[in-house]
There are 2 protein chains.
Amino acid sequence: MTTAHGARARARIEVTAAIKDEARRQLAAEGAARLSLRAVARELGMVSSALYRYFPSRDDLLTALIIDAYDSLGGSAEAAHAEAAGAGPAQRWTAVCEAVREWALAHPHEYALIYGSPVPGYTAPQATVPAASRVGLLLIGIARDAYRGLGLARPTLPGELRPEAERMAADLAPDLPPETVTALVAAWAQLFGLVGFEVFGQFNRLVEDRAAFFRHAAGQLAQGVGLVYPQRGPAA
Amino acid sequence: MTTAHGARARARIEVTAAIKDEARRQLAAEGAARLSLRAVARELGMVSSALYRYFPSRDDLLTALIIDAYDSLGGSAEAAHAEAAGAGPAQRWTAVCEAVREWALAHPHEYALIYGSPVPGYTAPQATVPAASRVGLLLIGIARDAYRGLGLARPTLPGELRPEAERMAADLAPDLPPETVTALVAAWAQLFGLVGFEVFGQFNRLVEDRAAFFRHAAGQLAQGVGLVYPQRGPAA
DNA sequence: TCGGAAGCGAGAGCACTGCTCTTGCTTTGC
DNA sequence: GCAAAGCAAGAGCAGTGCTCTCGCTTCCGA
């Protein structure tokens with residue numbers, strides 16, 4: 001009984017996938033706001049009301065696409081990380097950052113869906129959280145490897161931020177120094193600031209050689225986290 | 001003849017302003033995608049077709065709101081900068097960053113309009129450029145003051161980025177070192193990464209004391225630009 | 001095996017959207 | 001003083017998300 005629960009369930013899976021595929025096509029072509037349930041149904045040769053058997057609302061379809069986008073981005077980042085497995089922490093950091101950038105440039109509308117303005121009147125459901133965390137976990141993992149290996153330059157931290165830093169460290173990576181975790185969170189946000197500005201055209205008549213610019217900026221981020229070859233003294 | 005071109009022209013100005021005000025209200029309440037021309041007209045007691053005499057399309061209304069939002073943000077940032085006039089470059093930098101953050105938190109939907117995903121099928125018209133540049137120019141100005149005054153720590157720059165850095169410097173601030181201009185552009189994007197992540201809820205169950213976190217991150221950005229009290233040696 | 005239940009696609013319909021066009025009225029400028 | 005331009009109103013078009021009802025098909029348990 002490999003055919004899970006008969007032909008009907010199998011058909012449901014196929015139709016659901018077909019709907020998502022067509023929706024993704026329209027998303028890539030026109031953007032989230034122009035994604036139309038009726039158009040998807042039309043393209044699939046079905047009537048719009050039938051589509052509601054698979055997704056109870058337009059927002060639910062969008063949520064499914066969001067999760068898929070997070071997964072696609074996370075997969076690309078993880079693949080890039082795996083490919084750089086032999087290299088040092090700084091190189092692996094940069095490789096992950098560049099994978100994020102390249103995915104975003106290849107899928108601008110999907111990137112906008114997950115890291116642009118949230119779709120209005122819509123807050124990301126809890127279901128998206130695991131998929132959304134993958135890139136962050138990857139970056140934490142790189143820092144952890146460095147910490148356990150060559151060592152990590154420990155960033156500075158003002159006193160007023162220490163309680164918050166310890167809270168974040170307890171949540172995210174209890175084995176890492178709070179200073180490092182704080183710097184990681186900031187670098188994570190800053191990475192997507194760089195990517196977003198490029199994808200959304202803010203660099204348009206400003207930065208020409210964007211790949212080189214990004215590579216350098218990503219390296220600076222790694223340095224801010226402490227992911228440099230410790231020349232002047234390792235972790236305190 | 002102070003009344004520019006009679007009562008009709010004056011009425012036009014007033015009605016245009018009333019439309020923008022009501023549209024801004026709806027934008028703040030519901031977000032850009034739910035901004036409806038018909039609802040604006042309804043609220044103003046006019047019929048929807050009449051509104052097209054003032055804005056030829058919904059996108060044109062949005063463009064007007066975008067420019068206003070850039071101006072409002074730029075004004076807030078400039079005001080904060082003026083208030084910190086006596087302080088050193090690092091403090092003024094942080095003050096501007098915090099003003100940007102506070103404006104964004106107070107006007108999330110307007111922030112999303114200008115720094116979130118661009119409205120689909122819509123590329124920002126040239127008219128928005130001057131208004132959009134104000135924050136960036138402010139940051140460049142702070143760096144320039146520091147450069148002419150106490151001096152500026154000069155960031156490092158890889159060789160592959162030098163041509164691009166010189167191009168950007170020629171465009172943006174020919175009087176500043178290319179390394180500084182490059183760091184400025186990166187910091188600019190990273191600043192909006194931090195702000196965007198907070199406004200769009202990416203920090204939600206992650207960072208609690210966001211004000212302190214942001215203050216620290218902004219200070220780190222200033223340091224990356226070279227805007228620190230030169231302790232170890234001023235500009236080379 | 002068969003009968004009720006659940007799943008499914010189709011169609012009609014509601015309330016809404018952006019936008020266009022025509023119809024009259026008013027203000028403006030020559 | 002009169003033609004031209006600006007204006008509000010209404011009707012209408014094509015499109016949207018979503019609901020409801022209708023028959024048909026598949027499923028599952030007695």
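Chain letters run A, B, ... following the sequence lines, proteins first and then strands; every chain starts at 1.
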Problem set entry | Derivation of the salt bridge (Lys or Arg N to Asp or Glu O under 4.0 Å) call for A:D145 and A:R92 | CA-CA 11 Å; A:D145 286 353; A:R92 277 153 60 206; 2.6 Å; yes
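- One atom, CD1 of B:I19, and another, P of D:dA8, lie 8 Å apart when rounded to the nearest Å.
- Nucleic acid contact class of A:F55 (heavy atoms, under 4.0 Å, all strands): none.
- A:R42 places no side-chain N or O within donor-acceptor distance of the main-chain N or O of A:S48, the cut-off being under 3.5 Å.
- Listed by chain and residue number, B:W103 satisfy the ring-ring contact (aromatic ring centres under 6.0 Å, His included) test with B:H107 (two or more places apart in sequence, or in another chain).
- The two atoms that bring A:A64 and A:F55 nearest to each other are CB-CE2, 3.9 Å, heavy atoms only.
- Counting only heavy atoms from C-beta outward, the side chains of A:R134 and A:D71 approach each other to under 4.5 Å.
- When rounded to the nearest whole Å, the span between OH of A:Y54 and C1' of C:dA10 equals 13 Å.
- For DNA chain C, the neighbouring residues in residues 39-48 of chain B, judged by any heavy atom under 4.0 Å, are B:R42, B:S48.
- B:S49 comes within 4.0 angstrom of a nucleotide base, judged by non-hydrogen atoms across all strands.
- The distance between atom CG of A:D59 and atom C1' of D:dT16, rounded to the nearest whole Å, is 14 Å.
- For the atom pair CG of B:L35 and CD of B:E22, the computed distance is 9.5 Å after rounding to the nearest 0.5 Å.
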Please list, one pair per line, the donor and acceptor atoms closer than 3.5 Å that link side chains of residues 184-201 of chain B to other protein atoms, with sequence neighbours excluded.
residue: B:E198; atom: OE1; partner: B:R101; partner atom: NE; Å: 2.9
residue: B:E198; atom: OE2; partner: B:R101; partner atom: NE; Å: 3.4
residue: B:E198; atom: OE2; partner: B:R101; partner atom: NH2; Å: 2.9

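- B:R58 places its CZ atom 8 Å from the P atom of C:dC19, with the value rounded to the nearest Å.
- Between the side chain of B:S117 and the backbone N or O of A:S117, at least one donor-acceptor pair lies under 3.5 Å.
- Every residue two or more places apart in sequence or in another chain that forms a ring-ring contact (aromatic ring centres under 6.0 Å, His included) with A:Y70 is listed here: A:Y115.
- If you check every strand for non-hydrogen atoms under 4.0 Å, B:L35 touches sugar and phosphate atoms only.
- No donor-acceptor pair closer than 3.5 Å links the side chain of B:R34 to the backbone N or O of B:G31.
- When rounded to the nearest whole Å, the span between CZ of B:R38 and C1' of C:dT20 equals 11 Å.
- Once rounded to the nearest 0.5 Å, the distance linking CZ of B:F213 with CZ of A:R167 reads 12.5 Å.
- Between B:I13 atom CD1 and D:dG6 atom C1' the separation is 15 Å, expressed in whole Å.
- Side-chain polar atoms of B:T63 and B:D60 form no donor-acceptor pair below 3.5 angstrom.
- Projected onto DNA chain C by closest heavy-atom contact, B:Y52 and A:A50 fall at different nucleotides, the more 5' of which corresponds to A:A50.
- Between the P atom of D:dG15 and the CD atom of A:E30 lies a distance of 13 Å, rounded to the nearest Å.
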Check nucleotides 5-7 of chain C against the protein and report each pair of N or O atoms closer than 3.5 Å, with its distance, or say if there are none.
residue: C:dG7; atom: N3; partner: A:R8; partner atom: NH2; Å: 3.4

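- We find that CD of A:Q26 is positioned 9 Å from P of D:dT16, with the value rounded to whole Å.
- Taken over five-pair windows at either terminus, the axes of the helix from C:dT1-D:dA30 to C:dC30-D:dG1 are inclined to one another by 10° (rounded to 10 degrees).
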